[in-house]
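The structure appears right after this line, and notes come after that.
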Amino acid sequence: MTLEVPAAFAERYAQLVDDAPAFFEAMLTPLPKSFRVNTLKATAETVAPRFAEYGIGIKQTAWYSDAFVSDNPALGSTLEHFLGAIYIQELTSMLPPLLIRSELQTAATVLDACAAPGSKTTQLSALMNNRGTIVANDVEYERIKPLKFNLERSGTLNAVVTNYDLRSFPQMSFEVALLDAPCTSEGIFRKNPRQMLSWSPKRFAPSAHRQKQLILKTFDLLADGGTLIYSTCTFAPEENEAVIDYLLNERPAELEQVKIPNFRLMPGITTWQNQTFDERVSMTARALPHHNDTGGFFLARIRK
Amino acid sequence: MIEPCSANDKSLTLEYLERRYGLAPELLADFEFYASANGRVILGPKQIDPCLSPDTAGLLIARIGNTVKPSTNLLQLVGALILRNFVALERENAVRYIKGLDLEVAATEIGDTTEGYVLLKYLTFPLGCGLLQGTHIKNMLPKAKRIDVRFL
């Protein structure tokens, strides 16, 4: 069976992206395999020659020296995977921690608000070189087990795992927070194209409602002057720019420009279906599949 | 749930790691020791806000029963610094270990290593923990970590 992008999906997002044919073509193309070198256990310089010995082709990305892509599906059968020297992770999933790379050098307290299965938590820990404390929280108890497994495999010492509904998280104060919010996940359709078959715009409203609650709570947990990264792996403006616009209306938040050298990003939009957002929302960014051959992602960098 | 580790369990663990593997206690000085159920010793961040109820923290590094049993997590993380009581495996045995099988090794491969918990290495890579009994090594790799490794 040939998979096609649902007509309503195509109609909706043709208005949003710069090059609709290229976007839809990328959406139907399998996502390249990718991994991150876990610098708590190895370096890119030691890992790359091992893959050359194995005959597994890998290519370092231009925007993150620890990120590699490969056309070989056997990454999970390597010694490096067993040792936790690499972490198999979608490229766009590596973007949020990179946006706070400089803050992580000195941060003593970091919140990963929706942490499971731990891809970003382990990356945060590596960027902190196991210093400071990361509170890795997830509301779903069954997702705590894989989170703990991935933290252990990566040699993460500086994480504390909690299982709160974020909305009832104890009142604390963090220098840095990451809210990779649960979303409708349109950006990972390339990974599992069959999910496209059950796509429905009816899912946006309940998801956005939850995201608005989560972003207010996470912002409230931030120390004055602290930095919050909000991200999703979906295209829906209702779950992205509209959530940021809501935060700007509800709290004294400031946005900072999202920029990743050598990685092409599209600025956040300021109008969508009769809605106009705060002009500052254009400082957020979207990663589109056809720009860097990745999944789709949304990123906002917020200062309290 | 985790709680502060008793001074006795902390000191037992540190003494064991130094005596058996030559790991200096200062190596772990930037972290705090915590305790969990069934004698589990956990190494985690220095600061955990008291208003949190953590499910867990840091890494399980050992279990204290009749003796101290180091975890594979710990041995993989600090394996490069271990000076004694390790066994360097041949490729075939490394594959078997990662698959979760027990091993037989030649007396010449054991060298000065004494019976008890040992680090198993392949080339320079610390694979994990095994229990050396004569020339038999009992596989102590947690089931969830076992894989059929094809590239090493």
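Because the structure is a prediction, the values reported are computed rather than measured. Lettering of chains follows the sequences in order, A, B, ..., and the numbering in each one begins at 1.
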Q.
So L52(B) and P170(A), do their side chains get closer than 4.5 Å, heavy atoms only?
A. yes
Q. Can you tell me if CZ on R40(B) sees more than 12 non-hydrogen neighbours from other groups inside 6.0 Å?
A. yes
Q | Under 3.5 Å donor-acceptor, S77(A) side chain and R150(B) backbone | A | no
Q.
To the closest 0.5 Å, what do you measure between CG (L147(A)) and CG (D55(B))?
A. 9.0 Å
Q) Near K59(A) NZ, under 6.0 Å, is it more than 12 heavy atoms from other residues, nucleotides or ligands? A) no
Q: Kindly check if the number of other-residue, nucleotide or ligand heavy atoms within 6.0 Å of CD (Q47(B)) is above 12?
A: no
Q. Measuring from L60(B):CG to L151(A):CG, what's the distance to the nearest 0.5 Å?
A. 13.0 Å
Q | Spacing of I56(A) atom CD1 and F151(B) atom CZ [to the nearest 0.5 Å] | A | 4.0 Å
Q) Given that the side chain runs from C-beta out, which part of L28(B) has a heavy atom under 4.5 Å from chain A: side chain, backbone, both or neither? A) neither
Q) Of all of N137(A), V160(A), T156(A), which one pairs up most often with chain B through heavy atoms under 4.5 Å apart? A) V160(A)
Q | Which portion of P142(B) sits near chain A, non-hydrogen atoms under 4.5 angstrom | A | neither
Q.
If I measure from the heavy atoms of chain B, does A74(A) come under 4.5 Å with its side chain, its backbone, both, or neither?
A. both
Q: Could you grab the distance from atom NZ of K145(B) to atom CG of L83(A), nearest 0.5 Å is fine?
A: 9.5 Å
Q) Under a 4.5 Å heavy-atom cut-off, does chain B meet the side chain of R50(A), its backbone, both or neither? A) side chain
Q. Highest number of heavy-atom pairs under 4.5 Å with chain A: which of T56(B), D49(B), I42(B)?
A. T56(B)
(Q) Below 4.5 Å, heavy-atom pairs only: which of I144(A), T133(A), T109(A) has the largest tally toward chain B? (A) T133(A)
(Q) Let's test your reading of the structure: which of F51(A), F169(A), F82(A), Y164(A) forms the most heavy-atom pairs below 4.5 Å with chain B? (A) F82(A)
Q. For I2(B), is it the side chain, the backbone, both, or neither that has a heavy atom closer than 4.5 Å to a heavy atom of chain A?
A. neither
(Q) Less than 4.5 Å to any heavy atom of chain A: does that hold for the side chain of D30(B), its backbone, both, or neither? (A) neither
Q | K33(A) NZ: over 12 foreign heavy atoms closer than 6.0 Å | A | no
(Q) Measuring from atom CG of L152(B) to atom CD of E53(A), what distance do you get when rounded to the nearest 0.5 angstrom? (A) 10.5 Å
Q: Please name the pair of heavy atoms, one in L127(B) and one in L79(A), separated by the smallest distance, quoted to 0.1 Å.
A: CD2-CD1, 3.7 Å
Q. With respect to chain B, which residue among V161(A), L157(A), N163(A), I134(A) yields the maximal number of heavy-atom pairs within a distance under 4.5 Å?
A. L157(A)
**Q.** Value rounded to 0.5 Å, distance of CG in N158(A) from CG in L43(B)
**A.** 11.0 Å
Q: Might you point out which heavy atoms bring A159(A) and P45(B) nearest each other, and give the distance in Å?
A: O-CD, 4.1 Å
Q.
If you compare all heavy atoms of Q171(A) against all heavy atoms of C51(B), which two are closest, and at what distance to 0.1 Å?
A. O-SG, 4.4 Å
